[in-house]
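For reference, the structure discussed in these notes is given below.
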There are 2 protein chains.
Amino acid sequence: MSEKLIQSVMRATEIMELFLGQQKELSVKEISEGLGLSKSTVHGIIKTLVYKGYLYQSGENAKYQLGMKLFELGNVVGSQLDITYISRPVIKKLGEQLGETIHLVAYVQGEAVYVEKLEGSHSLRIYSQVGKRAPLHCTGVGKAILAFLPAEEREEIIDQLSMERYTIKTVVDKAELKKQLAEVRRHLFAMDDEEIEIGLKCVASPIFNHQGKVVASISCAIPTVRFSNDRQQAIIQGIKEAAEAISAAIGYRRENT
Amino acid sequence: MSEKLIQSVMRATEIMELFLGQQKELSVKEISEGLGLSKSTVHGIIKTLVYKGYLYQSGENAKYQLGMKLFELGNVVGSQLDITYISRPVIKKLGEQLGETIHLVAYVQGEAVYVEKLEGSHSLRIYSQVGKRAPLHCTGVGKAILAFLPAEEREEIIDQLSMERYTIKTVVDKAELKKQLAEVRRHLFAMDDEEIEIGLKCVASPIFNHQGKVVASISCAIPTVRFSNDRQQAIIQGIKEAAEAISAAIGYRRENT
DNA sequence: TATAACATTCGTTATTGTCGAACGATGTTC
DNA sequence: GAACATCGTTCGACAATAACGAATGTTATA
């Protein structure tokens, strides 16, 4: 692929993506230093982005933040993911039943993306944000999807995985991951046993469309302290049923694998 | 303001905004014709946007659609609007109580934007989309906000309003609008009486922050056929109470105007 | 298999974006 | 309250870069 990318467009996107870091507001200086560009170059691009509503200059200090145009465009994308709309009642019911945080991850455009989050009734918060990508090798939702991708696509993705380590328990060996995925296929659910955060477990199950392809997964995240053996069975059961309900709602019939 | 905007960045944003129209997918040809640019120019920009995840080329046909990066950025913006998070339980309760569509509109970055929508239990759908701007002169939510803006800001905004007509009942006279706004201030709620769509009425009430500034509004949209006199009172009451509850939750105290 | 329609690449040119420096506004320190 | 520092903004010149039209792949269709 010949890489003939438009420089100023690249820079514009890089500027917007700086706001994916911790900070809500950034100054011209911070941006120009962050990207290693001159202030005037950055200023020209920023001015254009502000003019179009992609950035906003707050009145108080002169700093910049992300603009409402991105909210608008993001919501258009979200509204086109009709799985969220279909899943909502199922998720709501499951959330009430389990009282823990439920996540819905969609596999779209070759990425596993959190598209819906229902916070549990307990106060302990799980780090996650709708719109972010789920790591495939160390989350329940990721493994549930990965396990059921077509073999060829799956192998290719695993080949390219960076297997980043998040905790002491993160599986960073690809052979081990493949063994786990075979288990996921047998039992129709995936586990994350403190692999992304110590103290946090996850149970996830895949969602299939009318063609029998995985298009999403749903999970329940539970602090280890509340993850008794008794509850485990109930949670696995609940997640699997919810996944099946959503699969059915989008047209999956078990017969046609 | 000296207009020294970066051409290719402008064009990149214009390309993305073409997808705000009806169509989910567009071809290079459609885009280049839509913007009056050569295919190769458009192609270069698109390639860059695809590379960065702002557009996505579907495998089936070679057409393009909006990418997940926009979903991610949009959700960051959404998560920074903490009013949605605070309002959610109130909206949920109100929705159950009234059984009609509830909207939350935030006044951010100088715009009134739909940030939350709860569909009513009845099947009749209201046109609205989270992320879109609410017209200020002919929606309940718009008038509720406009009425309580500082006089100077309000006058300036009204001066610049285009007063677009949506229905036969849309108020297109600025003097008449100002009279209505005075009423809104007296009664603490705004009405939209089929001004944006025939057959649809709306009751809205403003939400204030800890400084006593309007920052949002909440509304209930009801098909005219279900808008009896009896219900009207209940709805106005419910909306006003909900607005007050949200205002209180974000720190507004009635004393400090 | 031939044709058409469209996506993609190539090569040239002038336009356009970039940079450094200067300017202006804001706020801070003594 | 004046001098200074800091940062956002504008300016002007130069060179890189993005734009275009033409050529080439690629895919679908008759």
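- The CE atom of B:M10 sits 11 Å away from the P atom of C:dG17 (whole-angstrom rounding).
- In this structure, the CG atom of B:L35 is 16 Å from the C1' atom of D:dA18, given to the nearest Å.
- DNA chain D is contacted by both B:V42 and A:L26; A:L26 maps to the nucleotide lying nearer its 5′ end (nearest heavy atom per residue).
- You'll find the ring centres of B:Y64 and B:Y56 outside the 6.0 Å limit.
- At whole-Å resolution of the value, CG in B:L49 and C1' in C:dT8 are 16 Å apart.
- Distance CD1 (B:I45) to P (C:dG17): 10 Å, rounded to an integer number of Å.
- Contact annotation: side chain of A:K39 to base of C:dG20, donor-acceptor pair absent below 3.5 Å.
- Note: CG (B:L37) to P (C:dT15) measures 17 Å, nearest angstrom.
- Of the candidate nucleotides C:dA7, D:dT9, D:dA19, C:dA7 has the atom lying nearest to any side-chain atom of B:V28.
- Looking at heavy-atom distances under 4.0 Å, B:S8 makes contact with sugar-phosphate atoms alone, never a base.
- Checking D:dG21, C:dT18, D:dG8 against the side-chain heavy atoms of B:S38 singles out D:dG21 as nearest.
- Put simply, A:R11 has a side-chain N or O that comes within less than 4.0 Å of OP1 or OP2 on C:dT18.
- Taking atom NZ of residue B:K63 and atom P of nucleotide C:dC6, one finds them 9 Å apart after rounding to whole Å.
- Between the side chains of B:K63 and B:Q57, not a single donor N or O lies within less than 3.5 Å of an accepting N or O.
- Taking the six-membered ring where the residue is Trp, B:F148 and B:F208 present perpendicular rings, their angle passing 60° and hence far from 30°.
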> Under the side chain to side chain contact (heavy atoms under 4.5 Å, CB included) criterion, do A:R154 and A:L181 qualify, and how do the steps go?
Replying inline: CA-CA 10 Å; A:R154 183 171 69 236; A:L181 294 180; 4.2 Å; yes

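- Using a 4.0 Å cut-off, no side-chain N or O of B:H43 falls inside it from OP1 or OP2 of C:dA7.
- Inter-residue side-chain proximity for B:E164 and B:P135 is flagged as unmet; no heavy-atom pair is nearer than 4.5 Å.
- In this structure, A:I46 atom CD1 and C:dT18 atom C1' are separated by 15 Å, rounded to whole Å.
- The A:S40 side chain lies nearest to C:dG20 when the options are D:dA18, C:dA7, C:dG20.
- Checking the phosphate oxygens (OP1, OP2) of C:dT18, a side-chain nitrogen or oxygen of A:Q7 falls inside 4.0 Å.
- Map A:S27 and A:I6 each onto its nearest nucleotide of DNA chain D; the residue landing nearer the 5' end is A:S27.
- Remark: B:Q57 is in phosphate contact with C:dT8, judged by side-chain N or O atoms under 4.0 Å from OP1 or OP2.
- Residues B:V76 and A:F71 fail the side-chain proximity criterion, which asks for heavy atoms closer than 4.5 Å.
- Between B:E25 atom CD and C:dA7 atom C1' there is a gap of 15 Å when expressed in whole angstrom units.
- Checking the phosphate oxygens (OP1, OP2) of D:dT10, a side-chain nitrogen or oxygen of A:K47 falls inside 4.0 Å.
- With D:dA18, D:dG8, C:dG20 as the candidates, the nucleotide lying closest to the side chain of A:Y64 is D:dG8.
- Of the candidates D:dT10, C:dT8, C:dC6, C:dC6 carries the atom nearest the B:K29 side chain, counting heavy atoms from C-beta on.
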